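Everything below concerns the one structure shown next.
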2 protein chains.
Amino acid sequence: MKWSELSDNWCPVARTLSVVGDRWTLLILRDCYLGKSRFEEFAESSGMTRHILAERLKRLVEEGVLERRLYSSAPSRYDYVLTEKGEELRPALKVMKDWGKKYMPVRREAKA
Amino acid sequence: MKWSELSDNWCPVARTLSVVGDRWTLLILRDCYLGKSRFEEFAESSGMTRHILAERLKRLVEEGVLERRLYSSAPSRYDYVLTEKGEELRPALKVMKDWGKKYMPVRREAKA
DNA sequence: GTCATAAGTTCCAAAACAAAACGTAGGGGC
DNA sequence: GCCCCTACGTTTTGTTTTGGAACTTATGAC
């Protein structure tokens with residue numbers, strides 16, 4: 001089964017995952033909840049490639065989770081802000097944050 | 001950056017995602033919360049390939065999210081049950097379930 | 001003009017995935 | 001015994017996605 005087929009699954013969890021069900025997408029949301037909104041911020045913070053980042057942002061905008069907003073017109077620069085739809089996933093990330101703290105302690109020094 | 005490198009990330013969300021951060025893994029958890037425990041049940045319910053399923057189950061067991069349990073000794077058959085660690089992710093899936101119901105209505109009839 | 005900034009795009013090799021067949025170890029019918 | 005069934009996987013082959021790094025475009029600062 002493919003990704004795209006998940007969006008019409010009988011199960012609401014599966015449908016949700018068709019939008020946010022990969023690690024990079026969820027890391028973008030984490031950054032949004034931390035107040036980030038710019039392409040370069042996401043790229044640096046998460047360590048994902050610009051290639052993947054661009055693709056994921058596009059899908060999040062298409063799905064209405066983020067909104068692409070012009071924040072400078074010369075030169076044209078866009079950033080990404082959470083919609084209400086996007087905000088409502090915050091509790092899921094909160095659970096993951098608490099779970100990570102409890103069950104996945106850092107084993108060695110790490111960066112980014 | 002790769003998956004494996006995420007497990008020592010400074011961010012607890014990223015560390016959590018290093019274990020459950022792909023859609024198939026989260027669908028396995030969904031099935032567990034629905035009471036399923038067998039290989040064939042997961043395979044049929046989620047629509048993922050057996051190949052991927054076997055790999056994901058192995059990692060979930062290694063990470064202590066599921067426990068592989070012998071339920072028949074002749075022939076040897078194993079199934080997979082949630083540990084306390086696995087149980088504690090349930091609220092995250094609950095958020096995704098509610099979100100999916102609210103924001104991702106089914107557009108056409110779909111199976112499995 | 002030259003450098004820096006910021007949001008992407010393009011290219012190619014490497015890794016992950018999908019689909020389907022195969023393996024293994026019994027159990028049950030006959 | 002022999003054949004088919006169940007159930008947990010593994011293997012194989014070809015396609016898709018990802019990772020990494022360089023490149024583009026538009027503009028402001030020097």
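On a predicted model such as this, the values are computed, not experimentally measured, just so you know. Reminder, nothing fancy here: chain letters follow the sequence lines and each chain counts from 1.
Atom OG in B/S18 sits 6.0 Å away from atom CD in B/E63 (nearest 0.5 Å). Between the CZ atom in A/F42 and the CZ atom in A/R30 there is a gap of 10.5 Å [rounded to 0.5 Å].
Nearest-nucleotide positions on DNA chain C place A/S76 closer to the 5' end than the other of A/H51 and A/S76. Between A/W24 and A/R50, the residue anchored nearer the 5' end of DNA chain D, judged by the nucleotide with its closest heavy atom, is A/W24. Nearer the 5' end of DNA chain D, as judged by each residue's closest nucleotide, is the contact made by A/I52, out of A/I52 and A/P75.
The closest side-chain heavy-atom distance from B/K85 to A/W99 is below 4.5 Å.
In this structure, A/Y80 reaches the C/dG8 phosphate: one of its side-chain N or O atoms is under 4.0 Å from OP1 or OP2. Considering only side-chain N and O atoms, A/R56 lies nowhere under 4.0 angstrom from the phosphate OP1 or OP2 of C/dG8.
Counting to the nearest Å, the P atom of C/dA7 and the CZ atom of A/R38 are 6 Å from each other. Atom-to-atom, OH of B/Y71 to P of D/dA7 comes out at 6 Å; the value is rounded to the nearest Å. The interatomic distance linking A/R77 (CZ) with D/dG28 (P) rounds to 10 Å, in whole Å.
A salt bridge is absent between B/D79 and B/R38; no separation between the charged side-chain nitrogens and carboxylate oxygens falls under 4.0 Å.
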